[in-house]
Amino acid sequence: MSVAEPWGSIVERAKVLIVDDEPATRGAVAHALRRRFDVLGAGDGDEALALLAAHEVAVVLCDQRLPGLSGEHLVTEIRQRHPDVVRLLVTGHYDDTAFAHAVNHGQIFGFLRKPWNEDELERTIDSAVAWRRLRQENARIGRELEASNERLTRLNAELRHFTHAVAHDLKEPLRTIQAFSQFLTDDLGDRVDEDGAQYLSGIGRCTGHLMLLVDDLLRLSELENVPMRIAETPLDEVFAQVRSLLHSAVEDRGGALRVATSMPVLQGDSGRLVTLFQNLVANGLKFNTAPIPTVEVTACAIDSDCVEIAVRDNGIGIPAEHQTRIFNIFHRLHRRSEYPGTGAGLAIVRKIVEAHRGSVHVDSAEGEGAVFRVRLPLRHTA
Ligand code: ADP
């Protein structure tokens, strides 16, 4: 049976089971609750358990003194067989041991002292029913959340797989186009006119760029697919590798890379950390028109668990409105003819930082250089 609540929705009438060997008490409870609840009555534990097996009961109100199974043992039994039924114990006099048993083993929602008045009884049943609904709603939301998480994890995995497959499958035909356009250039030599030569070099340029894009996509999907290899990683060593990888870039630009002495040691994937800082330092040198393009790296402790590595350059800077978007894949602020690149570097940086449970942001103003601040925890958590 259902009843219309004041706000108009229809809610199921909750069933309440009163377990008491006194028919008069059962009758009084049924009378007090009849307007709002369906009331069932049982004279002892066995009868109560039989009714619980046959009906969807919301709340059981159980006298402590019962023939056979005592109230505290009955609520324990009910908890095991029907954990969703909210349990209340009714006591005529306070019995420490029985009460402790009902709380610890029966996990009762509360207890009522005899003699109760009708208001108190109705209020107690109301809160027990509301608590049960909340608990059920919580469990439903938890199940939905779990299902959404599973769906999301599956979709993410499919997307990663798709990106990897697309990038991988694009490489082969691209390589063929590149090779054929090179054959054409070599074989036709002087026989192509100026337009023809331009078309050929256009094909070569575009396929070369596509190759770089596909490689970056593969690198990104690798970051997702290859597990991290966490070890104690001295950042001194990371920057020694960055310096050696960028040696010719620094020389070619007539620039400088200054790294603070005694950098911290943290738990991380050293290969990924090298890629992260190599991208930031390379950008600091590339987006730079200063006479001596300079990148400075410093470290400071944020607290006992976290360090901040600042990569500062004296380059062209980044307008405020782009400072968040540049971390999105393929977001670039300049034409390729001005500054070469694919726009994947900072997306890779962000992915690596997030895999280390860190954060990255940039402080900059146009024309005034940029500082990329990378915060990393000293200890890795999976
Ligand atoms: P790419 O270097 O291939 O262009 P990134 O993802 O590394 O791609 O960078 C995205 C964009 O952010 C760059 O194209 C550039 O416009 C801007 N940017 C990145 N680093 C800097 C920097 N240090 N100074 C100025 N602009 C930068």
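Order of listing sets the numbers, starting from 1, for every ligand and every atom in it.
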Quiz prompt | N or O pair under 3.5 Å between G345 and ligand 1 | solution =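 Between G345 and ligand 1 (N or O atoms, distance only) the closest approach is under 3.5 Å.
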
Quiz item: ligand 1 and N283, any nitrogen or oxygen pair closer than 3.5 angstrom?
Solution: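 Checking ligand 1 against N283, an N or O pair does fall under 3.5 Å apart.
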
Mind checking whether [X] and [Y] have side chains closer than 4.5 Å, heavy atoms only?
X: L155; Y: L159; answer: no
X: Q323; Y: S364; answer: yes
X: V360; Y: R375; answer: no
X: F162; Y: R160; answer: no
X: N288; Y: N283; answer: no
X: V242; Y: L245; answer: no
X: V129; Y: F37; answer: yes

Suppose I only count heavy atoms of [X] and a 4.0 Å limit; which atoms of ligand 1 are within that range?
X: T342; answer: 3 (O)
X: G341; answer: 3 (O)
X: H334; answer: 16 (O)
X: G343; answer: 1 (P), 3 (O), 4 (O), 6 (O), 8 (O)
X: K286; answer: 1 (P), 2 (O), 3 (O)
X: L333; answer: 14 (O), 16 (O)
X: H331; answer: 10 (C), 11 (C)
X: A344; answer: 6 (O), 8 (O)

Practice problem: Work out which heavy atom in R332 is nearest to a heavy atom in P340; give both atom names and the distance. | Solution: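 Closest approach of R332 to P340, heavy atoms only: NH2-O, 3.2 Å.
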
Quiz prompt | Heavy-atom gap N279 to ligand 1 smaller than 4.0 Å | solution =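 The answer is no: ligand 1 sits nowhere under 4.0 Å from a heavy atom of N279.
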
Quiz item: Under a 4.0 Å N-O cut-off, is there an ion pair linking R154 with E150?
Solution: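 No salt bridge links R154 with E150.
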
Quiz item: atom 26 (N) of ligand 1: which of L285, N328, I318, I326 has the nearest heavy atom?
Solution: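 Going through L285, N328, I318, I326 one by one, I318 has the nearest heavy atom to atom 26 (N) of ligand 1.
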
What's the shortest distance from [atom] to any protein heavy atom, and which residue and atom give it?
atom: atom 21 (C) of ligand 1; answer: F287 CD1, 3.6 Å
atom: atom 6 (O) of ligand 1; answer: L346 N, 2.8 Å
atom: atom 4 (O) of ligand 1; answer: R332 NE, 2.7 Å
atom: atom 23 (N) of ligand 1; answer: D313 OD2, 2.9 Å

Quiz prompt | Side-chain donor-acceptor pair present, T76, H105, cut-off under 3.5 Å | solution =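 Their side chains do not contain a donor-acceptor pair, so the 3.5 Å distance test is not met.
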
Quiz item: If you measure from each non-hydrogen atom of V349 to ligand 1, which part falls under 4.0 Å: side chain, backbone, both or neither?
Solution: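 Neither; nothing of V349 gets under 4.0 Å from ligand 1.
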
Quiz item: Heavy atom under 4.0 Å from ligand 1: found in F372's side chain, backbone, both, or neither?
Solution: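 F372 to ligand 1: side-chain contact only, backbone stays beyond 4.0 Å.
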
Exercise. Could you point out which residue of H356, E232, H380, R379 forms a side chain to side chain donor-acceptor pair (under 3.5 Å) with Q267?
Key: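 Of the listed options, the one satisfying the test is E232.
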
